[in-house]
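To keep things clear, I will list the structure first and then write my remarks on it.
By convention in this document, chain letters (A, B, ...) are assigned in the order of the sequence lines, proteins followed by strands, and residues within each chain are numbered from 1.
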Amino acid sequence: MSVADLLLEGVKLMVLGMGTVFMFLMLLVVAMTGMSRLARILGPEETPVVPATQTATGSGPREDKELVAVISAAVRHYRARHR
Amino acid sequence: MSVADLLLEGVKLMVLGMGTVFMFLMLLVVAMTGMSRLARILGPEETPVVPATQTATGSGPREDKELVAVISAAVRHYRARHR
Amino acid sequence: MSVADLLLEGVKLMVLGMGTVFMFLMLLVVAMTGMSRLARILGPEETPVVPATQTATGSGPREDKELVAVISAAVRHYRARHR
Amino acid sequence: MEQLWQSTGVANLGWGQVFMMMIGGLLIYLAIARKFEPLLLVPIGFGAILSNIPIAGIAGDQGLLGYIYHVGIETGVFPLLIFMGVGALTDFGALIAMPSTLILGAAAQFGIFITLLGALALNLVPGFDFTLADASAIAIIGGADGPTAIFLASRLAPELLGAIAVAAYSYMALVPIIQPPIMRLLTNKKERRVVMQQLRPVSKLEKILFPFVVLLLCVLFLPSAAPLIGMLTFGNLLRECGVVERLSRAAQNEIINIVTIMLGLAVGSKLSADSFLTVETLGILALGAFAFCIGTAAGVIMGKIMYRLTSGRVNPLIGAAGVSAVPMAARVVNKVGLESDHHNFLLMHAMGPNVAGVIGSAVAAGILLAVVGGAAQ
Amino acid sequence: MEQLWQSTGVANLGWGQVFMMMIGGLLIYLAIARKFEPLLLVPIGFGAILSNIPIAGIAGDQGLLGYIYHVGIETGVFPLLIFMGVGALTDFGALIAMPSTLILGAAAQFGIFITLLGALALNLVPGFDFTLADASAIAIIGGADGPTAIFLASRLAPELLGAIAVAAYSYMALVPIIQPPIMRLLTNKKERRVVMQQLRPVSKLEKILFPFVVLLLCVLFLPSAAPLIGMLTFGNLLRECGVVERLSRAAQNEIINIVTIMLGLAVGSKLSADSFLTVETLGILALGAFAFCIGTAAGVIMGKIMYRLTSGRVNPLIGAAGVSAVPMAARVVNKVGLESDHHNFLLMHAMGPNVAGVIGSAVAAGILLAVVGGAAQ
Amino acid sequence: MEQLWQSTGVANLGWGQVFMMMIGGLLIYLAIARKFEPLLLVPIGFGAILSNIPIAGIAGDQGLLGYIYHVGIETGVFPLLIFMGVGALTDFGALIAMPSTLILGAAAQFGIFITLLGALALNLVPGFDFTLADASAIAIIGGADGPTAIFLASRLAPELLGAIAVAAYSYMALVPIIQPPIMRLLTNKKERRVVMQQLRPVSKLEKILFPFVVLLLCVLFLPSAAPLIGMLTFGNLLRECGVVERLSRAAQNEIINIVTIMLGLAVGSKLSADSFLTVETLGILALGAFAFCIGTAAGVIMGKIMYRLTSGRVNPLIGAAGVSAVPMAARVVNKVGLESDHHNFLLMHAMGPNVAGVIGSAVAAGILLAVVGGAAQ
Ligand code: NA
Ligand code: NA
Ligand code: NA
């Protein structure tokens, strides 16, 4: 295939690819919105979970932070000595 | 093979199978009894171990149950935050 | 091959082998000495690490030994009960 | 454009595949919402969904699940490693303290062999055509032991593996529903109220010798059960010998967890529309329920016999635990016992027949392998 | 003596091998001293050193690395298992709370397809001869997602795998340097200062349903992405379903750690002198940087569009996180946001497009596989 | 009935198999009751039992152990992964602080090469017929390093692997009994009482550079040792580089534990009656003891030379640690040192030659591979 042909193929692929990506993710937006609505109907006010990224970035509940710090240091020691 | 033949084979297999299972496990009863007697002779009053199912079903020693509860909660937190 | 020939091969292999082992490890002595000198130049007085065999043989810092003992017992309980 | 459409799933999705995905979803639903053996049914259910996706070929020769199946199940490696983990996780102390409960574990295996006859008899119904090997693989569902069932099915009837595994795990999860009525039906209140004497303590030495005793009998009399019994006792030795804590932990955690994920996905990959959506599957599901009922009944009846022979010192309920389904069946026994007498805790006594049932069904699997599968592993 | 000398490394070492070992050393240096994706680049770098040792043949058919490559990468097993681990480690909560950020994850995939054109255009330069498959494999670097890149490259252009993986991980580590100038260039101060409203809480049920919704769309419209999307959603289900803690831990730790070591070594084994020291590698490295820039720019521009459409309620910076490179890109967004306003924490909002980018590039990989690789996995 | 009897073990059990099972049991007994290297000898012993069960064919082509052997040992993968774990578990700090102790690690390898001659000389005795490859594989027992011995034996003399591995691990366990008399015989009280000066602290940078220095020399001068040295240094780099804690933990725990179980079982599967119950095995056991003695003596003698050369600043006892058998040999040195002077702790100083011995025997294995095995890995 000549480079021009290849480029033509590439452009086609780009159009097709970006089209599919957008279509797919937009459909996903719709589907997820529906899903959340469904979840609200099915789950009669279950205790909402705070998005876990918060936990991942370290802002856990304050009251046991100190305890956890102590324990986690101890656990690390424990592991370091017992492996 | 006709179904009748198959069933005959099946009956034979059942007799043979249940026979073997019973024979095997009854021999095991005998062997285990012997083993326990042997163990009593060999092991001069070693500290008897309480069957561990007890632990498995959760009735551990009472005195440190509270401690364990506190620690286990802390460990769970530790793990949840560090993974 | 006759046993005599084999033994001759063996002696050759021994000379070659021990020669290589000694050469290799002596070169390594030289290389490691150079490496340590290089490290001293590159690393501007970084906090020296105490050789870790110490830790491996169990003489960790004294102050938290007790804590670790308590915790490790608790953790063991926790694990035993939760597996 | 036509070609593009042809590469979508919608264009290629058959009803069978949709149905199988729904089965997969159902298994996951039961696992999550009803806690039906979630460790197995979540991966099996998801494996069923993945393997029924058109075009992707995930369960095919070149696909991930096909590859895992080939490496881990065709070879028998995964169920055997799980059995090692089961050994490492199981405390046989209650059985060692009261070896006579092995008889209860033996009786419950009737479920297996009656089901074998049942499967063969189903051939009288048009549409069924089970060979002796098929019938044996189906019958093992009555053993109520997942890895044993998968191991045997992979050797005797790979094309039925999916249905058999699903049936085995589903009914194991249903033990709390299936067993109590049978137990109540076959026993009277007096029998159910029997309080058993406390188990004697078991020494460390006994626990170390136990795997060797079991293995020795297996070597002498039933070598075809040796792969299963061998790995079970090996795992148990790692647990009890006390000098290989590291390896015991690996068998109880890392290995069994990793293998469970892989095994589940691979089993799920056998839930394809053409092998599952057949009348035979309905037969297997019916036979599986039948097997559990018979096994439970046989165990309880043997319990009643022991009750008589011991002049009432054995509570016949513990016979129901002989089907294995560890530790679910033992818990069911405990629960039914407590119904009759609020202070009668049978859990410990039920653990004996419960773990005996594991050995019992491994023995039964060995016989089926020896007779039906040829002596080859 | 001559023979002895012939068995030393000095006598057999070519310049190419020396150079590749230095590349390996450089990767390890960057990993240790600069914290460049150390979990991957330490094993990759060491694998590069090992595989260029003369005589030993460690990357050969009979060598350890050759063997690992054959078992884990040729089959696609390793990247898929890592993707399972990624699913088990990722919280999609931020995305569920604000599904519209998926559009940002879509836009950032422009980086992939523009790079594809770039790779094909490079054929105009003498010395380059990229096929459509090569160009597709190179383009996926723009997806900023390691396992996806390795999976696609192992299918479409195995001989470029080493260079592609190195480029992908290197640029992912360079995200904090590459992205900020582009983000500042394309946005004004007012836009960067937009404070977004707090995300709504997400229920457990939504998190459990989410993997099914994603998988369902994949099944219906893009089955060729099913291996990637399937394992990602499976891992996520293990995490969220709450009943298989053991398996979730195994996917997040044991499996992903073990596989990462093996995958890294095996990828490193593709850094041999004859396949890496070519002009094509330079092209790949240049295209990789290009891909990241384009992806970032496209994400930010789409962010600006959303800023307009929502009358200024979306901070366009979060579009940059759409390239994936989780969680590095989201952190970069947070940092650039804080530069403009010390109280504007965008991290949570950037996590949405960030994880959307993972799905987006898996979708893009699926399309490339379907069109370029044939429908076969 | 006849057929049934033919399927029992009793009918098929040969005396050789019974004997091998007893050997397996003996190994397990030594492991549990005497703490003889239990992590290896429990699985090896159990593997020996399992593989000698008649009919079951567990060590055969289709059997679990045969399969594990094929995948993990024939390929060399398992010993190399264990060596990675050893690297990740070993602190080379003591060696870096005092590189001259490498000479002690070199001297102790005399045990290997003298044993090689001994094995060849045994051919003068009727019934022995060791090739150069056999003799080399046997000689490596003198290296007192399990994975190295298994790796070399699997390459040079697979049919002797079982006996060699058993001899290597048994004598490693016997180090506290074998070494002290030799150490006392060759040193006088004054020498044993030498108190060595405290080791200098070692910086993190030195520890990171160390694996590269070792690997570099290996690449330049002995590439045939690269698989072993490469994985050892890779593991050590994971440990010391400080940025891949996850991977280091995986190498030190999950991987090494899982592989140890598999490796042990697979090695045990080579303990079959026809390959083990030969006069050659007796020869191997005798040569193994011989090798340990010679290695210890050579180390101590070199220690005495260093004692002279340094005007009495090196305690010659630490030379005995040069055989490797980490950390047992170093502990033995410490104990013998304490006998002479209750305040003379030599443990840290003995760790230097101890870990040097690991490198030394890997180097020796490399030479044997290069000369005897052809250059092929
Ligand atoms: Na059973
Ligand atoms: Na992406
Ligand atoms: Na050594």
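Of the atoms belonging to D:Ala31, it is backbone heavy atoms, and not side-chain ones, that fall under 4.5 Å from chain E. Contact annotation for D:Leu65: neither backbone nor side-chain heavy atoms come within less than 4.5 Å of a heavy atom of chain E. Using a 4.5 Å cut-off between heavy atoms, D:Leu39 touches chain E through backbone and side chain atoms alike.
Interatomic distance, D:Ile49 CD1 to E:Phe234 CZ, rounded to the nearest 0.5 Å: 10.5 Å. Taken to the nearest 0.5 Å, the CZ atom of E:Phe83 stands 13.0 Å off from the CG atom of D:Leu64. Here E:Glu254 contributes atom CD and D:Ile261 contributes atom CD1; the two are 9.0 Å apart, rounded to the nearest 0.5 Å. For the atom pair CD1 (D:Ile58) and CE (E:Met231), the distance works out to 8.5 Å, reported to the nearest 0.5 Å. In this structure, CG on E:Leu220 lies 11.5 Å from CG on D:Asn12, to the nearest 0.5 angstrom.
For D:Val42 against E:Leu238, the heavy-atom pair with the smallest separation is CG1-CD2, 4.0 Å. The two residues E:Pro223 and D:Pro54 make their nearest non-hydrogen contact at CB-O, 3.2 Å. Between D:Pro38 and E:Val243, the shortest heavy-atom contact is CB-CG2, 3.5 Å. The two residues E:Leu237 and D:Ile28 have their closest heavy-atom pair at CD2-CG2, 4.1 Å. Between E:Leu247 and D:Pro43, the shortest heavy-atom contact is CD1-CG, 3.8 Å. D:Leu50 and E:Gly230 get closest at one heavy-atom pair: CD2-CA, 3.6 Å.
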Q | Test log, rule side chain to side chain contact (heavy atoms under 4.5 Å, CB included), inputs D:Tyr67 and E:Val71 | A | CA-CA 10 Å; D:Tyr67 188 73; E:Val71 167; 3.8 Å; yes

Q: Please test D:Met21 against E:Leu216 for side chain to side chain contact (heavy atoms under 4.5 Å, CB included), starting from the C-alpha separation and ending with a verdict.
A: CA-CA 10 Å; D:Met21 287 190 198; E:Leu216 180 68; over 6 Å; no

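Counting heavy-atom pairs closer than 4.5 Å to chain E, the top residue among D:Leu13, D:Asn52, D:Leu265, D:Ile256 is D:Leu265.
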